[in-house]
Structure formats: structure tokens, C-alpha cells
**Student:** 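Quick one: structure below, then a few questions.
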2 protein chains.
Amino acid sequence: MAEGYELPLLLFAGFRTLIDDLHAELARRGHPDVRPAYGFAMQAIGVRGASASEVGRRLGVSKQAAGKTVDRLEALGYVERVDDPADARRKLLRLTPRGIDSLAQSAEIFDDLRARWVTELGADRVELIESSLRTVVSGPTFPVDVPGWFS
Amino acid sequence: MAEGYELPLLLFAGFRTLIDDLHAELARRGHPDVRPAYGFAMQAIGVRGASASEVGRRLGVSKQAAGKTVDRLEALGYVERVDDPADARRKLLRLTPRGIDSLAQSAEIFDDLRARWVTELGADRVELIESSLRTVVSGPTFPVDVPGWFS
DNA sequence: GTAGAATCGACAACGTGGTTGTCGAAACAG
DNA sequence: CTGTTTCGACAACCACGTTGTCGATTCTAC
């Protein structure tokens, strides 16, 4: 009988291994200063762009927190703010080519990392982990709101 | 072919579900103000006690950060500081009965949560997840240093 | 035994990632 | 046209981490 406390630790260790490996590889490919939180924020902006308030809603944080993260993203050259012609209150956030590239690289690296797990564990096991977790996590709730979770 | 980016999200969702459920149940059992980080810190102190510097080392954070967390734990009545008779520089950290209770409750709840997964997925699937993750996470590195990871 | 090095905990300053509250400007709804 | 909502900016604050410094104590080596 396994100890119950191991399960969350193993899940976290798996998550963390993937994220750490992602950022190590991302750094190697020219994106050394992308932090985990930035990836989620850029994902929330998306290739079509969004406003800071929208980003906050998608990430499950306040618009102020989203704005601060966007400040850093902007300073790093991953995101640019442009005036929204249709609404003078809004600033439209758009990914720069560099931002789009980091997202594309991330997707590629995640595929590679999953392939590595398939090599180590077998495709059936990896698929079984995925389907099991899909079953057990409550509904269609995807953790887009990863940042800010440790309250 | 599954998308690679889903795997970390699913692992995190599983981890988060367990931790959220733990704290909801912990709150119901008289520990409403235990935060995820506190559980790790109390685990690092252990029933035998430790110094702040030791806690920092075990958690992979600076002694200053450990000291701050201990301040909050002390204010909440989970930990007490006593002078170490053998070393006048040190303050020995010891779990109060309340602290020990929260740890015992946590272990119990984690067992219950794992049992729930066994009901939903079957014992073989849960064990397969555990053994697979043990294989794929690098070596015996257990994520004791969960807090402070999002740098 | 005593001089020098290492360690302990406290304190201060700072960075990052959150929060709430307020505010003026712009948009929307009646 | 007026009131309400929304947008983004700003300020103050909290949680949790970081370095650096410092006095006090202990350990080590001569």
C-alpha cells in the first residue's frame, strides 16, 4: 500500500521536470529569460492579441497583475502594446515575432519531451497517464491559472 | 498523437486538485489557515525539531526565507521557538501539538484522496502512474523545494 | 588557550507576482 | 444626455523569495 502523500509529490515532480527541461532547452534556443509565468501569459494573449483585462480573466488573476506581467514581457521584447483603433480605452497586446517564436519553440520542445517519455515508458503508459488524469481532474477545468496559485 | 503541451498541464492539474482538496478538507477539520507552503515547512521541521537554517537547507531556500515562513507558522501557533541548550546561537524549532495534528491529518487525508483515485481509476492504474513518474523524474530527487519554485 | 574561520539568527533592502482601492477617460445603455 | 460599466494606470500593500551585513557563538587549528 503506497503512502498517499507520494502521489502529489510525484505529479509535481513530473510537472516540474517537464517545465525545467522546457526552459533549459528554450534558453539553449535563444530564449534564456522566458520564465514559466511568461509562457502562460503569452499563451493567454495568443497570436490574435488581447487586452490586459482579457489576459487577466483568462489567467484567473486581476487585470493589475496581468498588466505587471505584460510590462515585463514588453520590456523583454516579447509583447507590444498598440492602441486599439476600435476602443480608445484599450491597448491591444500583440506578440512580437520573438514572442511568437518562443511559443512555437515551446510547443515543439513539449512534443520532444513527451516523445522522450514515450521512449522511456512506452506510448501506452504515457497515454494511460494522460487519460487517467483527464478522468480524475474535475471536469474540463484546465489550469490556465497556474500563476498565482500558491495562495 | 497527443499534443505535448497537455502532459505538463495534466500533471499540474492532478497535483493541484490533490492539494486543493487536501486544504479544503484540512480547513473542515480545524486547520483553515494552513497554506501549501506551510505543510512543506512543517514537514521539514519534523517531529524531532530543527533549526531555521536546517529547514532552509531541506527546503532548498535561504535561511532568511525559511525564517520568515517560520514566523508565520509561529504566529499561527503551529511552531514554537525554544532556545537550544546545546548551542546559544540556535533557536530550536518545534512543532506544537497543533502542528503535529495538522501533519497527521494531512497524511490521513492524502491516503483518503489516493483511495478515491483508486476507486475512480483502479488500483493498477494509480500504481502505474506512480511507478511511471518515479521512473521519469530524475533520480531520487524529491521536490522538497516546492516553495519558491517559479523563479 | 587563543586567534581565525564558520555558522546562527536577525535585520534591511530589494525583486517578483499577487491583491485591493481609486481614478480619469471612453464606451455603452436607458 | 445621463448614469453605469469597462479600460488602463497608479498607489499601497502582502507573501515569498533573494543578497548582503552584522553581532554573537561555536568550531578548528596552531
Side-chain angles (χ1 to χ4, degrees), chain A residues 16 19 23 33-45 49-76 78-94 143-151, chain B residues 16 19 23 33-45 49-76 78-94 143-151:
Chain A
R16 182 184 169 148
I19 298 294
H23 285 92
D33 36 18
V34 176
R35 314 265 240 78
Y38 299 167
F40 288 100
M42 287 192 280
Q43 204 70 50
I45 293 171
S51 72
S53 293
E54 275 175 315
V55 171
R57 279 192 294 268
R58 288 179 194 171
L59 257 37
V61 302
S62 65
K63 59 181 181 177
Q64 291 89 335
K68 281 198 205 180
T69 300
V70 170
D71 286 345
R72 282 157 213 138
L73 249 12
E74 194 181 13
L76 290 171
Y78 287 100
V79 167
E80 55 183 5
R81 284 182 160 100
V82 308
D83 287 326
D84 187 331
D87 186 336
R89 294 171 307 176
R90 299 180 23 144
K91 295 281 177 60
L92 189 60
L93 305 174
R94 290 185 41 224
V144 279
D145 57 337
V146 174
W149 180 89
F150 228 59
S151 51
Chain B
R16 183 185 167 147
I19 298 294
H23 286 92
D33 36 19
V34 177
R35 314 265 241 80
Y38 298 168
F40 288 99
M42 285 193 280
Q43 204 72 51
I45 295 170
S51 74
S53 292
E54 276 175 314
V55 171
R57 280 192 293 268
R58 289 178 194 172
L59 257 37
V61 301
S62 63
K63 59 182 182 177
Q64 290 90 334
K68 282 197 204 179
T69 301
V70 170
D71 286 344
R72 282 157 215 136
L73 249 13
E74 194 182 13
L76 289 171
Y78 287 100
V79 166
E80 55 183 4
R81 283 182 160 100
V82 309
D83 288 326
D84 187 331
D87 186 336
R89 294 170 307 177
R90 301 179 23 143
K91 294 282 178 59
L92 189 61
L93 305 174
R94 290 184 42 221
V144 280
D145 56 338
V146 175
W149 179 88
F150 226 58
S151 53

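The structure presented is a predicted model; accordingly, all values stated were derived computationally and were not measured. In what follows, chains are A, B, ... by sequence order, proteins preceding strands, each numbered from 1.
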**Student:** Just compare D:dC7, D:dT25, D:dT19 and give me whichever is closest to any side-chain atom of A:Lys63.
**Tutor:** D:dC7

**Student:** Which listed nucleotide (C:dT19, D:dA15, C:dG9) is nearest to the side chain of B:Arg35?
**Tutor:**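 In terms of side-chain proximity for B:Arg35, the closest of C:dT19, D:dA15, C:dG9 is D:dA15.
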
**Student:** Counting only side-chain N and O atoms of B:Arg89, is one of them less than 4.0 Å from OP1 or OP2 of D:dG23?
**Tutor:**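 So the side chain of B:Arg89 is outside the cut-off, no N or O lying under 4.0 Å from OP1 or OP2 of D:dG23.
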
**Student:** When you measure from the side-chain N and O atoms of B:Ser53 to the phosphate of C:dT7, is any distance below 4.0 Å, counting only OP1 and OP2?
**Tutor:**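 Checking B:Ser53 against C:dT7: no side-chain N or O falls below 4.0 Å of OP1 or OP2.
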
**Student:** Roughly how many Å is it from CG in A:Leu76 to P in C:dG17, rounded to a whole number?
**Tutor:**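 Computing the A:Leu76:CG to C:dG17:P distance gives 10 Å.
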
**Student:** I'd like to know if A:Lys91 reaches the base of D:dG8 with its side chain, counting only an N/O donor and acceptor under 3.5 Å.
**Tutor:** no

**Student:** Check step by step if side-chain contact (heavy atoms from CB on, under 4.5 Å) holds for A:Tyr38 and A:Val79.
**Tutor:** CA-CA 10 Å; A:Tyr38 299 167; A:Val79 167; over 6 Å; no

**Student:** B:Gln64 has a side chain; which of D:dT18, D:dC10, C:dG17 sits nearest to it?
**Tutor:** D:dT18

**Student:** Please compare B:Asp71 and A:Ala66 by the position of their nearest nucleotide in DNA chain C and report the one closer to 5'.
**Tutor:** B:Asp71

**Student:** In whole angstrom, give the distance that lies between atom CD of A:Glu74 and atom P of C:dT16.
**Tutor:**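 Whole-Å distance recorded here is 16 Å.
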
**Student:** Hey, does the side chain of A:Arg90 come within less than 4.0 Å of C:dA27's phosphate (OP1/OP2), counting only N and O?
**Tutor:**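 It does not, given that no N or O in the side chain of A:Arg90 lies less than 4.0 Å from OP1 or OP2 of C:dA27.
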
**Student:** Return no unless some side-chain N or O of B:Thr69 is found under 4.0 Å from OP1 or OP2 of D:dC16.
**Tutor:** no

**Student:** What's the shortest heavy-atom distance between A:Ala52 and A:Ala66, and which atoms?
**Tutor:** O-CB, 3.7 Å

**Student:** Nearest to the B:Arg72 side chain among C:dG17, D:dA15, C:dG18, which nucleotide is it?
**Tutor:**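 For B:Arg72, the side-chain atoms sit closest to D:dA15.
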
**Student:** Between A:Lys68 and B:Arg81, which has a closest nucleotide on DNA chain C that is more 5'?
**Tutor:** B:Arg81

**Student:** How close or far is atom P of C:dG9 from atom CG of B:Asp84, stated in whole angstroms?
**Tutor:**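 Result: 9 Å.
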
**Student:** Separation of B:Leu92 atom CG from C:dG9 atom C1', in whole Å?
**Tutor:** 13 Å

**Student:** Can you find a side chain N or O atom of A:Tyr38 that sits less than 4.0 Å from OP1 or OP2 on C:dT16?
**Tutor:** no

**Student:** Out of B:Arg94, B:Lys68, B:Arg81, which residue meets the salt bridge (charged side-chain N to carboxylate O under 4.0 Å, His left out) rule with B:Glu74?
**Tutor:**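 The option that passes is B:Arg81.
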
**Student:** So what does A:Ala65 touch, heavy atoms closer than 4.0 Å: a base, only the sugar-phosphate, or nothing?
**Tutor:** base

**Student:** Should B:Arg57 be listed as having a side-chain N or O under 4.0 Å from OP1 or OP2 of C:dC8?
**Tutor:**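 It does, given that an N or O in the side chain of B:Arg57 lies less than 4.0 Å from OP1 or OP2 of C:dC8.
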
**Student:** To the nearest angstrom, how far is A:Leu59 atom CG from C:dT19 atom P?
**Tutor:** 10 Å

**Student:** Is it true that a side-chain atom of A:Asp83 and a backbone atom of A:Pro85 form a donor plus acceptor pair closer than 3.5 Å?
**Tutor:** no

**Student:** Using only atom types and a distance under 3.5 Å, with no angle test, would you say the side chain of B:Arg90 pairs donor to acceptor with the backbone of B:Asp84?
**Tutor:** no

